[in-house]
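Here is the structure we will look at, set down as structure tokens.
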Amino acid sequence: MSKQEYGRSCGTCARPFTVFRWNPGAGGRFKTTVICQTCAKVKNVCQTCLLDLEYGLPTQVRDTALALQNEAPTSDINREYYAQNMEGKLDGNKSGLDSGRASSAGKEMLKQLARTDPYYKRNRPQVCSFFVKGECSRGNECPYRHEKPANSELAHQNIQDRYHGRSDPVARKILATHAENQGLKPPDDATITSIFLSSLSSESTELSIRTHVLQSLPTIQPTHIKSVVHVAKSRCAFVNFKERAVAELAAQAWANGLEVDGETVGVKWGRSRAGGIKSSSLPSTPTTVTT
């Protein structure tokens, strides 16, 4: 392992930091730290792979499940100032992540998705750029992989998006797959933008439902919700969103249920009445209501 003081600038706050570089094993590629210790402690992530230290998941998956608000600034002007202030608040190995108030459904979701086994593919050498061009002359002696790179969105990631948990293709794939496994696959009808909540508490009201929905989705604005239709007699509700993308985000975040007024309620996609689809488990209330 090699150590270089102030060897590079942090990938998030742009401050110089001490860089560590090592080889994880024979035939593997060299690993290096890409963010400083302060930024890693703020989000409780690894300095190299930027995955959560407790669950081994991307920050976007963790923040979505635990309904955590990203407080770190993303502009060049404020992020260095923010890192300096957080450095003074974090003592020793203390993490700046506070997940104590997270819902039990979100924690259960992370337990199901947690990566407990080592992922050795991450240690493989990089693809040889000369081989891709057809110009590598080293043959079997080349320390890099001789194969065509995968041209998918998973191959296009950047440090800022992975750290702040936004537009991360790996996180989107994990969340979408988990929601589908939980029976929340998005309907083929793209006009459906409603989520059906069942088994609500008898004390729930339209206001309390709206409040818990917004608290569980800190990345959306109140204006993204078109309406909340509460059917007190049936102890259910329809949450109608203005955009399909926001509804899909809600379904992914609530894959293991949503806590409303102390109860973990069931979550399903709304049904299109125009399509003639009926379900005995759903009331006859329309999925999209205009007020």
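A quick note: this is a predicted structure, and the numbers were derived from the prediction, not measured. Keep in mind that the numbers below use all heavy atoms, side chains included, and drop hydrogens, waters and symmetry copies.
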Review point. Could Lys43 and Asp63 be called an ion pair, given the rule that one side-chain N must be under 4.0 Å from one carboxylate O?
Key: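 Result for this pair is yes, salt bridge flagged.
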Review point. Under 4.0 Å between a Lys/Arg side-chain N and an Asp/Glu carboxylate O for Arg166 and Asp161?
Key: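 Yes, charged N to carboxylate O under 4.0 Å.
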Which pair of heavy atoms, one from [X] and one from [Y], lies closest together, and at what distance?
X: Met109; Y: Asn256; answer: CB-OD1, 3.4 Å
X: Ser204; Y: Val260; answer: OG-CG1, 3.9 Å
X: Ile159; Y: Leu50; answer: CG2-CD1, 3.8 Å
X: Gly106; Y: Leu66; answer: C-CD2, 4.1 Å

Would you give the length of the straight line joining atom [atom1] of [X] to atom [atom2] of [Y], rounded to the nearest 0.5 angstrom?
X: Gln4; Y: Thr32; atom1: CD; atom2: OG1; value: 9.0 Å
X: Leu200; Y: Ser234; atom1: CG; atom2: OG; value: 10.5 Å
X: Lys268; Y: Ser194; atom1: NZ; atom2: OG; value: 15.0 Å
X: Leu249; Y: Thr219; atom1: CG; atom2: OG1; value: 5.0 Å
X: Thr12; Y: His164; atom1: OG1; atom2: NE2; value: 6.0 Å
X: Glu206; Y: His230; atom1: CD; atom2: NE2; value: 9.0 Å

Under 3.5 Å, side chain of [X] to main-chain N/O of [Y], donor-acceptor pair present?
X: Tyr163; Y: Val45; result: no
X: Gln47; Y: Ile35; result: yes
X: Arg244; Y: Asp189; result: yes
X: Ser216; Y: Val213; result: yes
X: Arg210; Y: Ser227; result: no

Check your understanding: With side chains defined as the heavy atoms from C-beta onward, is the minimum distance between Gln60 and Arg172 less than 4.5 Å?
Key ->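 A side-chain contact under 4.5 Å exists here.
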Check your understanding: Just wondering, do Thr48 and Phe20 contact through their side chains at under 4.5 Å, heavy atoms?
Key ->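 When only atoms from C-beta onward are counted, Thr48 and Phe20 do not touch, as no gap falls below 4.5 Å.
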Exercise for review: Just jot down the side-chain hydrogen bond (donor to acceptor under 3.5 Å, both in side chains) partners of Arg145, sequence neighbours excluded, or say none.
Suggested key: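 For Arg145, the residues satisfying side-chain hydrogen bond (donor to acceptor under 3.5 Å, both in side chains) (neighbours in sequence not counted) are Glu147.
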Point to revise | Asp261: which of Ser208, Ser201, Ser202 passes side chain to side chain donor-acceptor pair (under 3.5 Å) | key: Ser208
Point to revise | Flag for His178-Gln182: side-chain donor and acceptor within less than 3.5 Å | key: no
Check your understanding: Looking just at side-chain N and O atoms, do Glu243 and Thr193 make a donor-acceptor pair shorter than 3.5 Å?
Key -> no
Point to revise | Aromatic ring pairing His146/Phe131, orientation class (parallel under 30°, perpendicular over 60°, tilted between) | key: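 Judged by the thresholds at 30° and 60°, the geometry between His146 and Phe131 is parallel.
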**Study point:** Step-by-step side chain to side chain contact (heavy atoms under 4.5 Å, CB included) determination, Trp269 to Glu248
**Key:** CA-CA 9 Å; Trp269 274 98; Glu248 292 181 2; 3.9 Å; yes
